[in-house]
Amino acid sequence: MSQVRVRFAPSPTGFFHIGSARTALFNWLYARHTGGVFILRIEDTDKERNSEQFLNVIYESLRWLEMNWDEGPGIGGAFGPYRQSERAAVYAEYLEKLRAAGRTYEKDGATWFKLIGDRHEVFDEHRKKTVTKVNVAPTVIQDQIRGRVERLEDEDFVIVRSDGNPVFHFVNVVDDIAMKITHVIRGEDHLSNTSKHVELFKAFGVPVPAFAHIPLILKQNGPGKMSKRDQGALIEEYQKRGFLPEALVNFLCLLGWNPKDDREKMTISDIVALFDLPGINQSNARFDEKKLAHMNMSYLLELPEEKFLERATAFFRAHPAGGAALADAAVFREVMRLAQPKIKGLEELPAYTAYFFTDDFVIDAKVQEKVMGKGDPKARLGELLGALPSMNFSNDSAIEEAIKSLAAGKGLGFGDYQAVTRLAISGTNAGPSITSMFRVLGRERVRVRLERLLAA
RNA sequence: GUCCCCAUCGUCUAGCCCGGUUAGGACGUCUCCCUUUCACGGAGAUAACCGGGGUUCGAAUCCCCGUGGGGACACCA
């Protein structure tokens, strides 16, 4: 068989969302799995709704998710241009073929595609108008995922608007022919359009590509498919929130596809090796951000220290808290080492580590009430403060030993000092071990914080 | 309304094609363990074959009908 050629064909009429990304991903995976070609084609024939801003979001999101395209904008290729707004000549040429074959006619200033068969008028209750039906046999669609689907396509349809611009169905098919697309992998919302497309392919006298209509992604709450306006729908949102692209890709693969065993976390090369069209599900999947978050945490946890530092640095650079956090590279590195095994996502970092970078941190009132109401926390603070000047701050275990021996001298344990000390130096009840916090903060800042709570 | 697609735990899913499983895994939730807090991790628990008919010795699995969900019905893509 000749080389697989697939395309992802977004229209830049809105932000790039989860569903589009998954469609792109399945196309990309299939190309990589088969050693084929992944083409990016921009379907910007709707002049009213297109915008350069949305176009850039598409490019940026695809690059972020590392779905590199082999042909398309910025790359070129033998079948360009790859933006439909620049392909008018191609459409004119193909329109002429259809016209020559007697498959078009003009009506109301637009060009219509003519079905072959006897015609009769029918009043359509739903559309409240009289339409012309054509007696035709049902169009058969052979779908790689759904099997054989029959659909009656029995009305002529517009292929070129009265303003001269060709419509989606026409340009989509023309480009698939011109770009020698072998497999059309797209959302199931296009299944109903496919009969139009098949009739066009047939009218052009070319073989119909293989179709694979993948299930849709439903919004996490409420009815319907996910759309650009839904909460958690936008790819760039995840990028901004510091999700790891490899985690998002892995998660997206699992929405509608799986390796047929218990594996979930897989490297992209494993996925490429295992992915295939017949393995794709037929039913829609609901988006579950909790599972994405879990996947993300799992990837974050196994990131090498240096990689984590890189990602965290990039995240803080784009964050309001970044200035303070990144002021001292050595401290930042230490704090990130402490934070990596503890957090679920990079977006937790600023709040989780704030007290390392500022002395003006918030003290959690609820935690304070709880901690200060048990035992004699102020006595413990006083004792610790007394021991502080002679404490060896060079490493965690030295600090731990110092606190333990202080505790032992009073007939207490490490735990009796833990909560109140943590509250004093971080304002909360969750975080790295207090010995690490001591070491990173340093004696002087610890002293000030202990005294502050003691005086409160 | 018409047409098309789909249907296993709350969610993502394995199993279905080639009928016989204690219907498996993951996320979530809960419990316990680990522990210097919080996470991580470990052990366990929770929870599903949409309904009804057939076919069959036997149906999650095959067939039909309902029901439910989704999509499409533009001179949008």
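Hydrogens, waters and symmetry mates are skipped; everything else that's a heavy atom, side chains included, is used. Every chain is numbered from 1, with letters handed out A, B, ... down the list of sequences. These numbers come from a predicted model, not from an experiment.
Between Ala430(A) and Phe287(A), it is Phe287(A) whose nearest contact on RNA chain B lies nearer the 5' terminus. Residue whose closest nucleotide on RNA chain B sits further toward the 5' end, between Lys290(A) and Glu155(A): Lys290(A).
When distances are taken from the side chain of Thr45(A) to each of A77(B), A39(B), A14(B), the shortest belongs to A77(B). Nearest to the side chain of Phe168(A), among A77(B), A39(B), A7(B), sits A77(B). When distances are taken from the side chain of Gln418(A) to each of A7(B), U37(B), G25(B), the shortest belongs to U37(B). Set against U36(B), C40(B), C6(B), the side chain of Lys344(A) has C40(B) as its closest nucleotide. Distances from the side chain of Val167(A) to the nucleotides G15(B), C75(B), A26(B) place C75(B) closest.
Looking at heavy-atom distances under 4.0 Å, Ser433(A) makes contact with a base. When heavy atoms are screened at a 4.0 angstrom cut-off, Thr435(A) is found touching base atoms of the nucleic acid. As judged by a 4.0 angstrom heavy-atom cut-off over every strand, Gly256(A) is placed among residues touching the sugar-phosphate backbone only.
Between Lys378(A) and Val420(A) the shortest side-chain heavy-atom distance does not fall below 4.5 Å.
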Does the protein touch nucleotides 41-52 of chain B at the base, only the backbone, or not at all? Give it as B, S and - per nucleotide, heavy atoms under 4.0 Å. ------------
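Just one of Phe8(A), Phe275(A), Trp257(A) meets the ring pair (Phe, Tyr, Trp, His ring centres under 6.0 Å) condition when paired with Phe26(A); it is Phe275(A).
Atom-to-atom, CG of Asp108(A) to P of C75(B) comes out at 10 Å; the value is rounded to the nearest Å.
Donor-acceptor pairing under 3.5 Å, judged by distance alone, is absent between the side chain of Lys260(A) and the base of U13(B).
In terms of the side chain to side chain donor-acceptor pair (under 3.5 Å) criterion, residue partners of Trp28(A) (sequence neighbours excluded) are, by chain and number, Asn68(A).
Because its glycosidic torsion is within 90° of 0, C40(B) is reported here as syn.
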Would you tabulate the nitrogen or oxygen pairs shorter than 3.5 Å linking the protein to nucleotides 65-71 of chain B?
| residue | atom | partner | partner atom | Å |
| --- | --- | --- | --- | --- |
| G70(B) | OP1 | Gly224(A) | N | 3.0 |
| G70(B) | O2' | Asn284(A) | ND2 | 2.9 |
| G71(B) | OP1 | Lys225(A) | N | 3.0 |
| G71(B) | N2 | Ser192(A) | OG | 3.4 |

